[in-house]
Engineer: 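Would you mind keeping the following structure in view while I ask a few things?
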Amino acid sequence: MADEGDCASGDRVALAAATEAVAAGWVLELSCCRLCRHFVEGRAAEFRRWRAVAQAVINGFSEIATHQKKMVYLCQLLIRIANGKKLECNFEEDPRISPLESALSYWTLLEREESKFDKLHEDIRRLIQIQVVAVYMEKRYFKEAAEVLERMFTDSESDKPLRVKLATIIKSKDPYIPLLQSFNYDLLISKVKSYVERFMKENEKNFFLQAAMEQVESKGLEAVVLQNITVNASEEEENDLETTQRFTEEQPSTTNQLPEDAAKSRRRSMRKLRARSILQTLNSLQNVEEVVDSQTSGRRRQPWTLEEDKKLKSGVRKFGVGNWAKILVHGDFNNRTSVMLKDRWRTLSKIK
């Protein structure tokens, strides 16, 4: 009897572990999907929230399944690319490894998962290699630039031309040489976005979202979804609400449609609205967690520097007032959020 009880207990443990692994896989899919979307759209604050989710899930894996490798590698790549110019960020045990050098290792792993290669793959590899050196050059860390060059390149003939060019640039100690200006960080971001868009198109289906939609539909919450879409007070999410309202108002009239066509049209509308509501709810929950974390960590308020004010003013001139997420991404601010940029701009406007 005892043996039978032990066996049953072992089966339950195995079943629980298997169930948890499947659920973790769904969350990985969802977090990878949202990371990709926010990276492409330049939503820095949302990207950071989903980065925390993805990192927690990935760290919880004792072993990465074959079908999950590409998602894991892509998440890790995007996290490092997003922090590419922040040399103080460490993702590897070796403190010498910069975010972009770490990103290059994940790009190599991603390439191994690809069934075919094209020019985009080659462009991204070369741009990462150039920017690994360029970031050190911009900060005038010429010794470190020479060291990373030795670590990064092999002795293969295909790498030799670029290796020689970069070695010459490092010796010149000039970060404004045309090669570095032409193959710049913005171009790298653009190429990576193209790759991510292709990935999203190839991986459109997401089980987590589909299951969530079915759950909402099974409980008859369509009216609640339509009438009570929870929206954060920030200007970006207010825009989302306006888009949702326009979507509802602009749906074609069903009076001239057959009953079956009208029903299909309504179902499509409901499905899109449910998806938006679910994502907004998840983002709201993560936002609460982020606020709690910042309060419990006891971090002191970071004063604004003159350099940050200049970046903010430059960003407003380039992208316009209200586009705080874009300004945040392109301005390379340190530990700032889009809300902080908005508040600081309000303060600067009063000073004027």
Side-chain angles (χ1 to χ4, degrees), residues 39 42 44 73-74 76-112 114 117-196 305-308 310-311 314-315 318 328-335:
F39 183 88
Y73 299 154
L74 181 56
Q76 300 286 36
L77 173 79
L78 296 183
I79 290 168
R80 286 153 176 76
I81 292 288
N83 290 278
K85 290 200 170 188
K86 299 177 181 178
L87 294 177
E88 69 275 12
C89 291
N90 291 114
F91 294 98
E92 308 293 340
E93 291 184 6
D94 187 343
R96 297 175 304 164
I97 306 298
S98 69
L100 284 181
E101 191 178 354
S102 180
L104 183 61
S105 65
Y106 278 100
W107 180 247
T108 301
L109 292 171
L110 260 177
E111 286 182 321
R112 292 175 185 172
E114 296 284 2
F117 293 93
D118 56 25
K119 188 175 183 298
L120 181 60
H121 290 86
E122 182 63 24
D123 287 347
I124 291 175
R125 168 168 286 278
R126 291 306 182 202
L127 279 164
I128 295 176
Q129 290 172 327
I130 291 170
Q131 281 304 304
V132 167
V133 172
V135 169
Y136 282 114
M137 293 284 291
E138 286 173 10
K139 298 183 184 295
R140 310 196 72 79
Y141 295 156
F142 304 119
K143 178 184 176 183
E144 289 79 359
E147 289 173 353
V148 76
L149 190 67
E150 292 299 316
R151 290 196 302 270
M152 189 168 50
F153 284 100
T154 64
D155 293 328
S156 68
E157 287 299 314
S158 60
D159 284 336
K160 188 174 181 180
L162 181 58
R163 185 175 73 242
V164 170
K165 285 181 182 178
L166 289 175
T168 304
I169 290 171
I170 294 170
K171 287 179 182 178
S172 74
K173 297 185 178 181
D174 182 4
Y176 302 105
I177 278 180
L179 176 69
L180 301 185
Q181 298 300 302
S182 299
F183 296 92
N184 55 44
Y185 195 74
D186 288 342
L187 181 59
L188 169 61
I189 295 293
S190 175
K191 293 287 186 180
V192 174
K193 283 182 178 180
S194 297
Y195 176 83
V196 171
T305 64
L306 182 61
E307 184 65 26
E308 286 180 311
K310 288 180 180 178
K311 289 179 182 177
S314 174
K318 185 174 182 180
L328 183 68
V329 172
H330 291 274
D332 193 23
F333 293 89
N334 186 28
N335 294 325

Engineer: Apply side-chain contact (heavy atoms from CB on, under 4.5 Å) to Tyr195 and list each qualifying residue two or more places apart in sequence or on a separate chain.
Structural biologist: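 Partners of Tyr195 under the side-chain contact (heavy atoms from CB on, under 4.5 Å) test: Lys70, Leu74, Trp107, Leu110, Glu114, Leu120, His121, Ile124.
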Engineer: Taking atom CD of Glu150 and atom CD of Glu147, what is their separation to the nearest 0.5 Å?
Structural biologist: 9.5 Å
Engineer: Do Ile169 and Asp174 have side chains that get closer than 4.5 Å, going by heavy atoms?
Structural biologist: no
Engineer: To the nearest 0.5 Å, how far apart are CZ in Phe142 and NZ in Lys171?
Structural biologist: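 With rounding to 0.5 Å, CZ (Phe142) is 14.5 Å from NZ (Lys171).
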Engineer: Check Asn83 against Ile79 and note the closest heavy-atom contact, atom names and distance.
Structural biologist: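 Minimum heavy-atom contact is ND2-O, 2.9 Å.
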Engineer: Determine all donor-acceptor pairs shorter than 3.5 Å in which one atom belongs to a side chain in residues 182-190; sequence neighbours excluded.
Structural biologist:
from   : atom 1 : to     : atom 2 : distance (Å)
Ser182 : OG     : Pro178 : O      : 2.9
Asn184 : OD1    : Asp186 : N      : 3.2
Asn184 : OD1    : Leu187 : N      : 2.9
Asn184 : ND2    : Gln181 : O      : 2.9
Tyr185 : OH     : Ile81  : O      : 2.2
Tyr185 : OH     : Gly84  : N      : 3.4

Engineer: As an exercise, state the distance from CD of Glu144 to CG of Leu149, rounded to the nearest 0.5 Å.
Structural biologist: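 CG of Leu149 is found 13.0 Å from CD of Glu144.
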Engineer: Roughly how far, to the nearest 0.5 Å, is CZ of Phe39 from CG of Leu78?
Structural biologist: 5.5 Å
Engineer: Just wondering, more than 12 heavy atoms not from Tyr141 lying within 6.0 Å of its OH?
Structural biologist: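 Open: at most 12 neighbouring heavy atoms sit under 6.0 Å from OH of Tyr141.
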Engineer: Looking only at heavy atoms, what is the nearest atom pair of Ile177 and Ser172, with distance?
Structural biologist: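 Minimum heavy-atom contact is CD1-OG, 3.2 Å.
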Engineer: With side-chain contact (heavy atoms from CB on, under 4.5 Å) as the test, pick out the partner of Glu101 among Arg96, Arg80, Arg151, Glu92.
Structural biologist: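 One option only clears the test, and that one is Arg151.
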Engineer: Compare every heavy atom of Ser98 with every heavy atom of Leu87, then report the nearest pair and how far apart it is.
Structural biologist: CD2-CB, 3.8 Å
Engineer: As an exercise, state the distance from CD1 of Ile97 to SG of Cys89, rounded to the nearest 0.5 Å.
Structural biologist: 14.5 Å
Engineer: Does Ser314 use its side chain to pair, donor to acceptor, with the backbone of Lys311 at less than 3.5 Å?
Structural biologist: no
Engineer: Using the side-chain contact (heavy atoms from CB on, under 4.5 Å) rule, pick out the option among Leu100, Leu180, Ile130 that qualifies with Val135.
Structural biologist: Leu100
Engineer: What residue pairs, at least two apart or across chains, pass side chain to side chain donor-acceptor pair (under 3.5 Å) with a residue in residues 123-139?
Structural biologist: Thr108-Arg125, Glu111-Arg125, Lys119-Asp123, Glu122-Arg126, Asp123-Lys191, Arg126-Gln129, Arg126-Asp159
